[in-house]
Peer 1: 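First the structure, then my questions, so here it is.
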Amino acid sequence: MPLIGYARVSTEDQTPLPQSQALKSAGCAEIHEEQASGGNRARPVLARVLERISKGDTLVVVRIDRLARSLSHLLEVIERLEARGAFFRSLMDPIDTSSPQGKFTLQVLGAAAEFERALIRERTKAGLASAKTKGRVGGNPGLRARDPAALRKVRLARQDGYMERLNETAQDWVPHVRRLRPNLAWEDVVRIVNGPLPRERQWTQSRLLRAVSAYVRDGFLPESVLARADRRETDDRLPAIVAAIKGADPDITLQAICSRLEAMRERTPRGRTSWQPSSVKMLLERAERLGLLE
C-alpha cells in the first residue's frame, strides 16, 4: 500500500526536515513539503496531493495539526480521501482509516464535532430568548441608525467571512481554474470542477465566477483566468475536456474518465450517453496531437 507523506511548517524560519525524516522512517517513499499557515485551507501542495492520490494510497502526516487546524477541515480532507478510495494515517495520533480502530476514532471525532455545533446553537437560542424577555432589542445600534462607519465595518466583515468560506473549498476549484482558464469555456470548467464533488458541494457558473473574481481581486489568481475563452473548433472541444480531466489526475484510468464524462452528462462524439474506454483513448490521442496534454 503506497504511503504518501505530507510535511508542513508555518514560517520560513522552521524546517520540515524532522517531519520528513519521521515520514521516511515510516515507509513513505514520496514526501511533499509545504510552508503555509495551518489555518489556510488553500494550500497548493496539499491540493495537488489530494488531486493525484490514487485508490489504495495512504496520506501520512506526523501529527494531525500538520494537516488541519480544525476538526471540520480534518474531516473534510478525510472525506475527499475516502471518495478516491485512499486512506489517512497520523503517526502520533490514534487515527488510521485503513484500520477498524482508526475508523472508530474518526467516527468519535465526527460525533464530537456535531455535538459541539448543537451546543453552540442551543446557547445562541437561549441567549436570544433571555434578551427578548428583558426587552432588549437585537442588532447593532449603528446599523439601525444607518451609521456609515458601522455599515462599512459590516461590509468588510461579510467580505472576510466570504473569503474564509472560499478558502475552505479552494482545493476543489482553484487548481482547475488555474490550469484550465482561459483555454476552456466557463461552462466546461464548471462541469469539470463538479465532476468529483458530491451534489451538495457542486458549483453553479455564477457562484464560481464570483469566487474566481474575489480571488483575482485579492491576488490569489492571475487576471488572465478571467480573460475571454479561446474559441475552439467543435471537434476540439471533447479532446480538450478529456485532456483537462487527465491533466488533473495523470494516473486516472480510461474507465474512470468514462465515469467522469457520464457524470458530467457529456455525450460521445456520436451523441451517445454511455462512454467506452476506446472512445476516451481516441480523444486522448487527438488531444496529444493538438498539444493539449502536458
Peer 1: To the nearest 0.5 Å, tell me how far Leu59 CG sits from Leu50 CG.
Peer 2: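 Atom-to-atom, Leu59:CG and Leu50:CG are 6.5 Å apart.
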Peer 1: Looking only at heavy atoms, which two atoms of Thr15 and Pro18 are closest? And how far apart?
Peer 2: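 For Thr15 and Pro18, the tightest heavy-atom pair comes out as O-CD, 3.5 Å.
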Peer 1: Among all residues two or more places apart in sequence or in another chain, which pass the side-chain hydrogen bond (donor to acceptor under 3.5 Å, both in side chains) test with Arg43?
Peer 2: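 Result, side-chain hydrogen bond (donor to acceptor under 3.5 Å, both in side chains) vs Arg43: Tyr6.
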Peer 1: Would you find more than 12 non-hydrogen atoms of other residues, nucleotides or ligands less than 6.0 Å from Glu288 atom CD?
Peer 2: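 Open: at most 12 neighbouring heavy atoms sit under 6.0 Å from CD of Glu288.
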Peer 1: Between Gln14 and Thr11, does the side-chain contact (heavy atoms from CB on, under 4.5 Å) criterion hold? Intermediate values first, please.
Peer 2: CA-CA 6 Å; Gln14 299 173 320; Thr11 66; 3.4 Å; yes
Peer 1: Can you check whether Val193 reaches Val190 side chain to side chain, under 4.5 Å on heavy atoms?
Peer 2: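 Result no, sub-4.5 Å side-chain heavy-atom pair not found.
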Peer 1: What pairs of donor and acceptor atoms, side-chain ones from residues 25-32 against any protein atom, are under 3.5 angstrom apart with sequence neighbours left out?
Peer 2:
residue: Ser25; atom: OG; partner: Gln21; partner atom: O; Å: 3.0
residue: Glu30; atom: OE2; partner: His32; partner atom: NE2; Å: 2.6

Peer 1: Looking only at heavy atoms, which two atoms of Gln171 and Pro175 are closest? And how far apart?
Peer 2: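 Closest approach of Gln171 to Pro175, heavy atoms only: O-CD, 3.7 Å.
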Peer 1: Taking all atoms of both residues into account, what is the closest heavy-atom pair of Thr58 and Arg89, and its distance?
Peer 2: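 Where Thr58 meets Arg89 most closely, the heavy atoms are CG2-CB, 4.0 Å.
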Peer 1: Spell out, as yes or no, whether a donor-acceptor pair under 3.5 Å connects the side chain of Trp275 to the backbone of Glu266.
Peer 2: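 The answer is yes, because a donor-acceptor pair under 3.5 Å joins these two groups.
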Peer 1: If hydrophobic clusters are built from ILVMFWY residues whose side chains come within less than 4.5 Å, do Leu23 and Val9 share one?
Peer 2: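 No, Leu23 does not connect to Val9 through the hydrophobic network.
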Peer 1: Kindly compute the distance separating CD1 (Ile257) from CD1 (Ile241), expressed to the nearest 0.5 Å.
Peer 2: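 Ile257 CD1 to Ile241 CD1: 12.5 Å, rounded to 0.5 Å.
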Peer 1: Nearest 0.5 angstrom please: Arg289 CZ to Leu284 CG, how far?
Peer 2: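 Answer rounded to 0.5 Å: 11.0 Å.
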Peer 1: Checking the side chain of Glu34 only, and the main-chain atoms of Val45 only, is there a donor and an acceptor separated by less than 3.5 Å?
Peer 2: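 Answer holds: yes.
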Peer 1: Run the side-chain contact (heavy atoms from CB on, under 4.5 Å) test on Phe87 and Val60 for me, step by step, so that the C-alpha distance in whole Å, both residues' side-chain angles and the decisive distance to 0.1 Å come before the verdict.
Peer 2: CA-CA 9 Å; Phe87 305 101; Val60 184; over 6 Å; no
Peer 1: Determine whether Arg178 and Leu221 satisfy the following criterion, side-chain contact (heavy atoms from CB on, under 4.5 Å), listing intermediate values before the conclusion.
Peer 2: CA-CA 7 Å; Arg178 192 187 298 276; Leu221 283 171; 3.7 Å; yes
Peer 1: For the CD atom on Glu164, are there more than 12 heavy atoms of other groups (residues, nucleotides or ligands in this structure) within a distance under 6.0 Å?
Peer 2: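 Atom CD in Glu164 is not crowded, with 12 or fewer foreign heavy atoms closer than 6.0 Å.
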Peer 1: For Arg63, give me all partners under salt bridge (Lys or Arg N to Asp or Glu O under 4.0 Å), at least two apart in sequence or on another chain.
Peer 2: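 By the salt bridge (Lys or Arg N to Asp or Glu O under 4.0 Å) rule, Arg63 matches Asp65.
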Peer 1: Mind checking what makes ring-ring contact (aromatic ring centres under 6.0 Å, His included) contact with Trp203, not counting sequence neighbours?
Peer 2: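 Applying ring-ring contact (aromatic ring centres under 6.0 Å, His included) to Trp203 gives Trp173.
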Peer 1: Under 3.5 Å, which donor-acceptor pairs link side chains of residues 209-220 to any protein atom two or more places apart or in another chain?
Peer 2:
residue: Ser213; atom: OG; partner: Leu209; partner atom: O; Å: 2.8
residue: Tyr215; atom: OH; partner: Asn167; partner atom: OD1; Å: 2.4

Peer 1: Atom NZ in Lys24, atom CG in Leu3: separation rounded to 0.5 Å?
Peer 2: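 It is 14.5 Å, given to the nearest 0.5 Å.
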Peer 1: Output all residues satisfying side-chain hydrogen bond (donor to acceptor under 3.5 Å, both in side chains) with Ser279, sequence neighbours left out; order by chain, then residue number.
Peer 2: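 So Ser279 forms no side-chain hydrogen bond (donor to acceptor under 3.5 Å, both in side chains) with any residue.
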Peer 1: Are the side chain of Arg179 and the backbone N or O of Ala244 linked by a donor-acceptor pair below 3.5 Å?
Peer 2: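 Yes: the side chain of Arg179 pairs with the backbone of Ala244.
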Peer 1: For residues 247-264, which residue pairs qualify under side-chain hydrogen bond (donor to acceptor under 3.5 Å, both in side chains), counting only residues two or more places apart or in two chains?
Peer 2: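 Listed by first then second residue: Arg84-Asp249.
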Peer 1: From Glu51 CD over to His176 NE2, what is the distance, rounded to the nearest 0.5 angstrom?
Peer 2: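 Glu51 CD to His176 NE2: 5.0 Å, rounded to 0.5 Å.
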Peer 1: Can you name the nearest heavy-atom pair linking Pro182 to Ala227, along with the distance?
Peer 2: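 Closest approach of Pro182 to Ala227, heavy atoms only: CB-O, 3.8 Å.
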Peer 1: Of all heavy-atom pairs between Glu79 and Arg201, which one has the smallest distance, and what is that distance?
Peer 2: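 The answer is OE2-NH1, 4.0 Å.
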Peer 1: Walk me through it: do His73 and Glu168 pass the test side-chain contact (heavy atoms from CB on, under 4.5 Å)?
Peer 2: CA-CA 8 Å; His73 187 204; Glu168 293 177 355; over 6 Å; no
Peer 1: Output all residues satisfying side-chain hydrogen bond (donor to acceptor under 3.5 Å, both in side chains) with Ser10, sequence neighbours left out; order by chain, then residue number.
Peer 2: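 Testing Ser10 for side-chain hydrogen bond (donor to acceptor under 3.5 Å, both in side chains), a comparison that skips the adjacent residues, returns Arg8.
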Peer 1: Can you name the side-chain hydrogen bond (donor to acceptor under 3.5 Å, both in side chains) partners of Arg52, sequence neighbours left out?
Peer 2: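 side-chain hydrogen bond (donor to acceptor under 3.5 Å, both in side chains) list for Arg52, sorted by chain: empty.
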Peer 1: Please evaluate residues Glu82 and Thr97 with respect to the criterion side chain to side chain donor-acceptor pair (under 3.5 Å), reporting the C-alpha separation (whole Å), side-chain torsions for both, the decisive distance (0.1 Å), and the verdict.
Peer 2: CA-CA 9 Å; Glu82 290 181 339; Thr97 60; 5.3 Å; no
Peer 1: Heavy atoms, side chains only, cut-off 4.5 Å: are Pro198 and Glu200 in contact?
Peer 2: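 Of all side-chain heavy-atom pairs linking Glu200 with Pro198, at least one is under 4.5 Å.
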Peer 1: Check side chain to side chain contact (heavy atoms under 4.5 Å, CB included) between Ala86 and all other residues, then give those that pass, not counting sequence neighbours.
Peer 2: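 Once residues adjacent in sequence are excluded, the partners of Ala86 under the side chain to side chain contact (heavy atoms under 4.5 Å, CB included) criterion are Ile53, Leu81.
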Peer 1: Say whether, by atom type as modelled, one donor and one acceptor occur between the side chain of Arg66 and the main chain of Ser90 under 3.5 angstrom.
Peer 2: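 Not a single qualifying donor-acceptor pair exists.
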Peer 1: Can you give me the closest heavy-atom contact between Ala22 and Leu91, atom names plus distance?
Peer 2: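 Looks like O-CD1, 3.9 Å.
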Peer 1: Measure the CD1-CG distance between Ile192 and Leu261 for me, rounded to the nearest 0.5 Å.
Peer 2: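 Result: 9.0 Å between the selected atoms.
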Peer 1: Suppose we screen for salt bridge (Lys or Arg N to Asp or Glu O under 4.0 Å). Which residues come up paired with Arg80, at least two apart in sequence or across chains?
Peer 2: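 Per chain and number, Arg80 pairs via salt bridge (Lys or Arg N to Asp or Glu O under 4.0 Å) with Asp172.
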Peer 1: List in chain and number order the residues that pass salt bridge (Lys or Arg N to Asp or Glu O under 4.0 Å) with Glu76, two or more places apart in sequence or in another chain; answer none if no residue qualifies.
Peer 2: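 Arg41.
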